[in-house]
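Only one structure is covered here, and it is reproduced in the block below.
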Amino acid sequence: MTLFSNLPGDEGLPGHERARVMAAVMTTTLMGVFDGTMINIALPSMAKAMQVPANVAVWFANGYLLSAAMTLAIFAALAARVGYRPVFLAGLATFTLTSLGCALAKTPDMLIGMRILQGIGGAATLSIAPAILRSVFPGRLLGRILGLHALLIASSTAISPVLGGTILDALSWQWLFAINIIPGSVALLLAWRALPRQPDVDRSPFDTPGAVLSAVLLGSAIMLADSLQHITQSINPAATGWGLLTLASALAFIWRIRRAQSPILPPVIFKNGCFTLAALTSLASFVSQGITFVALPFLFQSVYGYSPVVSALLFTPWPIGIVLIAPHAGRWADTLSAPLISTVGLMIFVGGLVLLATLPDSPSVWNICLRSLVCGIGFGCFQSPNNREMLANVAREYASYASGVLSIVRTFGQCLGAAAVGVLLATTESDHDRAVHFALWIAVIASTGSVLFSASRLRPAVRASA
């Protein structure tokens with residue numbers, strides 16, 4: 001295979017060693033994404049089994065998401081100082097062991113605690129996975145391998161409701177976590193043998209105040225998004241409090257990274273316009289995806305009357321579209337203009353969202369699937385070239401920071417999208433049809449913004465490729 005070929009002057013690892021690293025990273029990424037998303041469909045069953053109200057069961061999912069979001073930047077900075085290998089191995093071991101802990105949990109408190117630790121382990125691996133791939137693959141193959149990685153994340157995010165529903169239908173909810181133990185152990189063995197040791201790492205002091213501020217900022221922002229889902233006509237004290245904390249920590253964090261000698265997130269990486277625009281493009285697009293992935297189940301079940309299993313199956317054309325285009329988009333990005341390919345993909349994505357927002361009152365299954373397929377093709381065409389643009393426009397010593405930013409904008413964008421749908425559902429009460437269609441049009445607006453961000457890179461990118 002081309003990914004494992006060797007040419008004179010290639011940086012990174014030889015082909016056979018690349019294969020083992022790729023297997024470990026891809027397996028770990030797959031488990032991390034699945035565990036962050038497929039549990040949602042099981043929350044009602046888990047609440048019933050543990051005899052807890054829905055607001056407690058929600059934390060079976062939110063505990064993972066919150067701890068992961070709060071520590072992404074920390075692990076990216078830590079990897080720049082101690083190397084990718086110890087951070088990845090520790091994170092993978094933590095994730096695998098806490099998966100067993102989740103499966104064996106007998107009380108809600110124990111399960112929530114295990115999920116918080118599992119999110120920390122997942123953040124340690126997901127935050128630096130793209131940087132590891134960049135370090136072991138030569139630059140000529142960067143677009144292809146990042147294309148496969150983006151394909152894995154996007155398709156597993158879309159497939160996870162189907163897999164979760166299938167496991168829940170055949171087995172108990174404990175198996176949603178227990179299935180991680182064997183692949184996690186295999187990935188840990190592969191990573192132990194294949195991940196290279198890095199002799200030249202940054203020995204500067206770790207920015208502890210910056211780490212605390214980044215955790216508070218990301219955590220409070222997630223909690224703000226969650227509290228907005230419960231907003232009413234009157235002022236929500238929780239939303240106000242989280243909003244003020246988010247604002248204060250954001251200002252303090254910016255002040256800190258601009259003045260610290262070795263900040264947890266170097267501002268210099270944002271001086272590269274291509275990197276910054278790629279990050280903004282990714283953020284806006286994942287807001288759209290977050291809106292769509294939360295809004296469509298309500299549309300399919302509450303408005304169209306489909307069962308949860310059929311609703312999950314209606315998502316399958318999305319990952320199919322990604323599978324069809326993402327590997328090719330990654331390969332094209334290695335030889336053509338990555339911003340141009342991303343922009344074209346986003347324009348297709350906007351078109352697909354418009355098609356979903358204009359679904360008729362009683363559409364056929366094929367009508368829904370074809371429109372969802374267009375979204376998948378557009379998103380698959382955009383994501384891998386855009387990720388390549390982010391990682392290729394920072395120096396290698398900043399690769400872990402860029403990888404962390406990539407994970408943060410993906411996680412935060414999806415959270416903002418989900419919160420937007422929650423606000424609309426809360427304010428429109430039982431009129432789910434109106435709320436969902438309004439949410440889909442917001443997704444269209446957000447994705448149009450991503451097109452504008454991406455298109456602003458076109459002129460210099462086209463000139464450079466000419």
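Reckoned from all heavy atoms, side chains included, excluding hydrogens, waters and symmetry mates. Everything numeric in this text was worked out from a predicted model, so none of it was measured.
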Notebook entry, point to check: Under 3.5 Å, side chain of N180 to main-chain N/O of T96, donor-acceptor pair present?
Noted result: no
Margin query: Ignoring hydrogens, what is the shortest heavy-atom contact between G376 and I325? Give both atom names and the distance.
Written below: O-CG2, 4.4 Å
Notebook entry, point to check: What pair of heavy atoms forms the shortest contact from R85 to A191, and how long is it?
Noted result: NH1-O, 3.7 Å
Next item on the list: Assess the pair F177 and F95: is the distance between their ring centroids shorter than 6.0 Å?
Entry: no
Notebook entry, point to check: Checking S447 side chain against V350 main chain: does a donor-acceptor pair fall under 3.5 Å?
Noted result: no
Note to self: Quick one: does any side-chain atom of T27 pair with a main-chain N or O of A24 as donor and acceptor, under 3.5 Å?
What the structure shows: no
Checklist line | Reported CG-to-CG distance for the pair L370 and L355, which is rounded to 0.5 angstrom | finding: 9.5 Å
Margin query: Using modelled atom types and a 3.5 Å cut-off, is there a donor and acceptor pairing between side-chain atoms of S285 and backbone atoms of S282?
Written below: yes
Note to self: Does Y304 have more than 12 heavy atoms from other residues, nucleotides or ligands lying within 6.0 Å of its OH?
What the structure shows: yes
Checklist line | Close side-chain approach of S454 to L277, heavy-atom, < 4.5 Å | finding: no
Margin query: Using a 3.5 Å distance criterion without hydrogens, assess whether the side chain of S450 forms a donor-acceptor pair with backbone atoms of T281.
Written below: no
Next item on the list: In sequence, state the C-alpha distance, the side-chain angles, and the governing distance for F379 and F286, and then conclude on ring pair (Phe, Tyr, Trp, His ring centres under 6.0 Å).
Entry: CA-CA 10 Å; F379 203 85; F286 276 106; 5.4 Å; yes
Notebook entry, point to check: Are V444 and T448 close enough that some pair of their side-chain heavy atoms sits under 4.5 Å apart?
Noted result: yes
Notebook entry, point to check: Just wondering, do S372 and L296 contact through their side chains at under 4.5 Å, heavy atoms?
Noted result: no
Checklist line | Pairwise side-chain contact, W318 with T292, heavy-atom cut-off 4.5 Å (strictly under) | finding: yes
Next item on the list: Taking all heavy atoms of P317 and all of C369, pick out the closest pair and write down the distance.
Entry: CB-O, 3.3 Å
Note to self: Is any side-chain heavy atom of L213 closer than 4.5 Å to one of W255?
What the structure shows: no
Note to self: Can you tell me if R259 has over 12 outside heavy atoms packed within less than 6.0 Å of its CZ?
What the structure shows: yes
Checklist line | Non-hydrogen side-chain atoms of T29 and T125 separated by less than 4.5 Å | finding: no
Checklist line | Nearest-0.5 Å distance that lies between atom CG in L440 and atom CG in L353 | finding: 7.5 Å
Note to self: On a heavy-atom basis, which atom in M26 and which in L133 lie closest, and how many Å separate them?
What the structure shows: CE-CD1, 4.4 Å
Item checked: Intermediate values then yes/no, side chain to side chain contact (heavy atoms under 4.5 Å, CB included), V374 and F349 -> CA-CA 7 Å; V374 174; F349 182 51; over 6 Å; no
Margin query: With a 3.5 Å distance limit and no angle check, can you tell me whether T71 reaches the backbone of I120 through a side-chain donor-acceptor pair?
Written below: no
Checklist line | Taking every non-hydrogen atom, the tightest pair across A329 and C381 | finding: CB-O, 3.7 Å
Check: Between OG of S214 and CD1 of I408, what distance do you get to the nearest 0.5 Å?
Finding: 7.5 Å
Next item on the list: In sequence, state the C-alpha distance, the side-chain angles, and the governing distance for F453 and L283, and then conclude on side chain to side chain contact (heavy atoms under 4.5 Å, CB included).
Entry: CA-CA 10 Å; F453 285 131; L283 176 63; over 6 Å; no
Checklist line | Any F253 side-chain heavy atom under 4.5 Å of V216 side chain | finding: no
Check: Can you name the residues that form a salt bridge (charged side-chain N to carboxylate O under 4.0 Å, His left out) with R410, not counting sequence neighbours?
Finding: none
Margin query: Do C375 and L356 have side chains that approach each other closer than 4.5 Å (heavy atoms only, starting at C-beta)?
Written below: yes
Item checked: For R371, salt bridge (charged side-chain N to carboxylate O under 4.0 Å, His left out) partners two or more places apart -> none
Checklist line | Gap between atom CD1 of I348 and atom OG1 of T343 - 0.5 Å precision | finding: 11.0 Å
Next item on the list: Return the minimal non-hydrogen interatomic distance between N386 and S342, and the atom names on each side.
Entry: N-OG, 3.1 Å
Item checked: Atom pair CD1/CG of I254 and L217 - distance to nearest 0.5 Å -> 8.0 Å
Next item on the list: For side chain to side chain contact (heavy atoms under 4.5 Å, CB included), just list the numbers for R115 and L111, CA-CA rounded to whole Å, side-chain angles, deciding distance to a tenth of an Å, and then say yes or no.
Entry: CA-CA 6 Å; R115 285 290 283 171; L111 180 56; 4.3 Å; yes
Check: Can you list the steps and then say if M31 with L92 is a side chain to side chain contact (heavy atoms under 4.5 Å, CB included)?
Finding: CA-CA 10 Å; M31 292 189 301; L92 180 53; 3.9 Å; yes
Next item on the list: Spell out, as yes or no, whether a donor-acceptor pair under 3.5 Å connects the side chain of S67 to the backbone of I116.
Entry: yes
Notebook entry, point to check: What's the spacing between T246 OG1 and L251 CG if we round to 0.5 Å?
Noted result: 11.0 Å
